[in-house]
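Structure record follows, encoded as structure tokens.
Every number for a ligand or one of its atoms is a count from 1 in the order of the listing.
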Amino acid sequence: MSAYGFDVTDRQAAEEKFRNLVETINDWVWEVDTQGVYTYSSPKVKDLFGYEPEEIVGTSCLALMRDDEERGRIRDTFERIVEAEEPFGGLRNVCRHKDGTEITVETAGTPIFDPEGRLVGYRGVDRDITDRVIAEDELRESRDFIENLVQSSVDGILAYDRRMRYTVWNPGMEKISGVRKDQVIGKSALEVFPFLRDIGEDRLMVRALEGETTTATDRHYSIPETGHEGFFEARYSPLRSQSGKIIGGLGVIRDTTEQKQAERAVRESEERFRQLAENIRQVFYVMAADLSKVLYVSPAYEEVWGRSCQSVYENPRSWIESVVEEDRGWLMEAIRSRASGEIREGKLPPYRITLPDGRLRWIQARSVAIKDESGKVTRLAGVAEDVTEGKRAEEERERLMELLEAKNKELQSVVYIASHDLRSPLVNIYGFGRQLAENCDELSKLMQEAGSNEDAKGRILPLLEEDIPQAVSFIRCGADKMQKVIDGLLKISRVGTARITISQLDMNSIMSDIVEAMGYEIRQRGAEVVVEELPGCAGDRDQIDQAFSNLLNNAVKYLHPERKGLIKIWGRREGPMSVYCVEDNGLGIPPEHQDRVFEIFHRVDPTSGVAGDGLGLSIVSRILDRHNGRIWLESEPGEGSKFFVALPAT
Ligand code: ADP
């Protein structure tokens, strides 16, 4: 260090002053020559770089630089400064401390001239700004981070100044509004979006400028220019400068349109569910899979179970405790198999519960296992309904069916026994009738031979020749009729009791046998019989043969005397049944007889002289009953009849 143009004392004083100054200030004071070699170093260098001033003086300032790159940069700068011979400041350079750590310093310097005005070096200070640089870096990083956050946020982020002009409009805002950043930045919020005033949003924005943080939910937006419409949620807060002064407002906007729609959909479906669950007569329930908790039970529970819903929420086992002892075990088993996911869905067999007043009630439930994404059953839902009435009706029907069957059997045995038992007295009536007739004959012969008492003769003879024979013939007639009835009843009862063997029947072959067997009668009547291709059916060969024989027999018997008889037999498949028709162009049956011809002994015209016992159709009808079949007819008196027979198809 050197000073020029002072006398020695002055110089010493000045130097003293300078030394004091440089040693008290915090910065490192130095002097270099035009080559950048230190010619003076204040002791502060020790604090700054860890060197003693003596170590520094005589070395190049470039030696302190962190690396070659920094050295190169500073060398160029220094050369330019020296060339310009001007003061400089704010020169940032990164140096290395004696211990190797990096130190960033800011350097300022002024040129030193000799009395001739030639530049001899520079004098200046280095200030340690390492901490500041770190702080600045951190600040920049955090700014970048915030900027990134703002840019990538799905939420809309906006900022505005004190005059409500937008200063920030992130991509989130662009997406929500459909309005680009360049269309809003610098413009007043109300100018760009007049609707903000209508929904009172401007007041919230202003309140942020007044220092308040406000939030708003369920705000409706509609931007006619972009067609964007929906709901949003907003939060406004004041934006402050470092000094704490409010310089604007910050808004974070979240589009809640989808959420609102989803919420609405959930609400609506919940409402629909609630209405349904609360109005149906069935009990709807949702339980935890381990049955430890009833999550929901519809109000119908109170009516069906006769207990409050509250009671089952409080004691989830109470509903199962009301199930009768006998049903409880298997029911729990069935429910468990659903809860374990073995069975997913299905009807449970009906079970019984006891009402608080002791009455029994039948319940029919359907239960579904609800699984989570991993396939684990988490809930059991179901519907249970009171089927007591149906169950009772079913029981009643079963009881009646059993009764009917028993009665039928009883009736059959009555008919059988009665007809059998009636036979022996009939034999007697016949026998004695015959004997009486013979006795009368003999008596009348004897009377003629005797020939004595004319008076007695006159009274006995009419008895013997008229009254008694007439009575005898009445006895015989009655007995004949009785015989017929008995035979008929037996015939009918045999149809009901005969063993039947169901097999697949080829109706074409059966029918051709029947037609052949009746060939004589058919020819006698000069009739024509046409048999079409017939579908097969399931039945007992003998009984089906008999049924169709009876029908064909009737068709031939009741042909019209005045026209050529034509009998057609045809058939077709109808769903599970084979339907056959025996069709004739005969006498036909008057409507009032059409149902009755199937009754036992009923004949349309018993006096017509056509032979018959009125049993043929009753037998057919019984046979069809036993085959789960059906018979019905269509007939036009004077035109003809069609007898339809339906039998299970093969
Ligand atoms: P039956 O022929 O022995 O009298 P059915 O039970 O077979 O007894 O028939 C009952 C009555 O139905 C017959 O008497 C007859 O009047 C009437 N009938 C049955 N089949 C025919 C037919 N194909 N055409 C007209 N009448 C019929």
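Annotation: side-chain hydrogen bond (donor to acceptor under 3.5 Å, both in side chains) contacts of Glu438 (sequence neighbours excluded): none. Take Val515 and apply the side-chain contact (heavy atoms from CB on, under 4.5 Å) test, not counting sequence neighbours, and it matches Ile522, Val529, Val531, Leu552.
Taking both residues in full, the closest heavy atoms of Pro637 and Pro590 are given as CG-CA, 3.6 Å, listed atom of the first, atom of the second, then distance.
For the residue pair His220/Glu229, the side-chain donor-acceptor check at 3.5 Å is satisfied.
A cation-pi geometry, defined here as NZ or CZ lying under 6.0 Å from the six-membered ring centre and within 45° of its normal, holds between Arg630 and Trp632.
Protein residues with a heavy atom closer than 4.0 Å to ligand 1 are Asn554, Ala555, Lys557, Tyr558, Asp584, Gly588, Ile589, Val597, His602, Arg603, Val604, Gly612, Asp613, Gly614, Leu615, Gly616, Leu617, Ser641, Phe643, listed by chain and number.
Residue pairs that meet the salt bridge (Lys or Arg N to Asp or Glu O under 4.0 Å) test with at least one member in residues 611-629, sequence neighbours left out, are Lys491-Asp613.
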